[in-house]
Amino acid sequence: MVQPQEQIRIGLLGAGSVGAQVARTLVEERELISARVGTPVRLVGVAVRDPEAPRDWRIPGELLTTDPEELIDNSDLVIELIGGLDPAGDLVERALRRGAAVVTGNKALLATRGAELHALARHSGAVLRFEASVGGAIPILRPIEESLSGDRITKVMGIVNGTTNYILDQMDTTGAAFDDALTEAQRLGYAEADPTADVEGHDAAAKAAILGTLAFHAPFTIDDVYCQGISDVTAEDIEAAAGSGYVIKLLAIAEKQNGGAVLRVHPTLLARTHPLASVRGAFNAVFVVAENAGELMFYGQGAGGLPTSSAIMGDVVAVARYLRAPAPEPPTISDEIDLPALAVENAKTQYYIDMQVTDQEGVIAQIARVLADHHVSIESMRQPGSVSLEGEVDDDAGGNGAQVQIVTHLASERDLQATVNALEGLDVVKSVDSVLRVEVEN
Ligand code: HSE
């Protein structure tokens, strides 16, 4: 049992863009935060690698230390904002073993060692909170964990990476190529110099694992998440999708299906009328479907020092209140529910197939036959215009090729892949240019 604390000592690990804002709030707003907690809180130290490094807010020299272990050992509440697995993982472990509460925004750590850290926290009676790990400022984890705890969540679907949403939005609104949109995102500071983690979907996959874990009360890791990034999305894909009334978004999806859960991150076609389609620029949003609540959407800034510090401080106040007056904490995850992670081959979703075909009689019949043979049903088919066989759009009906776009009904990944292979084998199909998953409104 945690003993009631009359003063909460807070140790901060890391003072990057989020950490500096958290330090500022804890120093400048100390009275307000203490009043909200109901007992004095005090920032006792900030562990950094280089005390001289320039920061967004100048941290008083007497708070800076290069010894995170000593700081942890003298704190009731540790805020971990170093990020990554190492050394952050060992430091969080040290804090939890001591029974200190931990607030972190570290999605990589949660998506990799979450179950182990939760077990450790349960064992030592420590609290572990991580609202800032998904969706920056957006309150999404606590609503899932607490507000919806009397309901059954069936699906969570989010735009949880601002960098890729910015890039796809630029491509959609300006017609820019992927590389140009990425360069612009880097110039504006949305994308890192090495954009791999964002662009290839790894950042979103970690967040999908965290969302799935909380939504379905079962422990998932990033290894359970199928992951496809946006680097292969072309300006032509975006234009073709737009012509059919869709926008392409990188979605992180956790969905209950076939007695298990499928977790996946991939570029997805969304009808422009879908609430997530309106999420522009670097903003994030998470769409939740629950049996009784129906559809919910949470929207806001998914990154940045100030917005993310808001989520960290929300957790700090909640945890500090608990330390002031400890009460039994509900489990954040439960191993009781046996919900296996299923391979993406088991997922059923709708698909969009865009192909170039020869423009002659019987072609559509052959294509329809292939889909029927593989148990894939067609929802809609469009032939937007004639094209030359080199792929040039030719609005004169004299072109000798045609573009065909098909949206299927729900189909399994396995059937769809077999369908695409068979379509590519048809003489009349010159190329299958894109195959994308489609999410419709539930
Ligand atoms: N790199 C992330 C993004 C923010 O682009 O949204 C931190 O999770």
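Counting convention: from 1, in listed order, for ligands and their atoms alike.
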Under 3.5 Å donor-acceptor pairs involving side-chain atoms of residues 62-69, not counting sequence neighbours:
residue: T65; atom: OG1; partner: D67; partner atom: N; Å: 2.9
residue: D67; atom: OD1; partner: E69; partner atom: N; Å: 3.3
residue: D67; atom: OD1; partner: E70; partner atom: N; Å: 3.1

- Item | Salt-bridge criterion met for D172 and R272 (N-O under 4.0 Å) | yes
- Salt bridge between K256 and E291, side-chain N to carboxylate O under 4.0 Å? no
- Message: Quick test of your reading of the model: are E345 and R264 salt-bridged, counting only N-O distances below 4.0 Å?
- Response: no
- Message: Among residues at least two apart in sequence or on other chains, which ones pass side-chain hydrogen bond (donor to acceptor under 3.5 Å, both in side chains) with D194?
- Response: T196
- Non-hydrogen atoms closer than 4.0 Å to ligand 1: which protein residues do they belong to? List them by chain and number, please. K107, N161, G162, T163, D198, D203, K207, A303
- Pair listing, side-chain hydrogen bond (donor to acceptor under 3.5 Å, both in side chains) test, anchored in residues 100-115, at least two apart: E80-T104, E80-N106, E93-R113, K107-D203, R113-E116
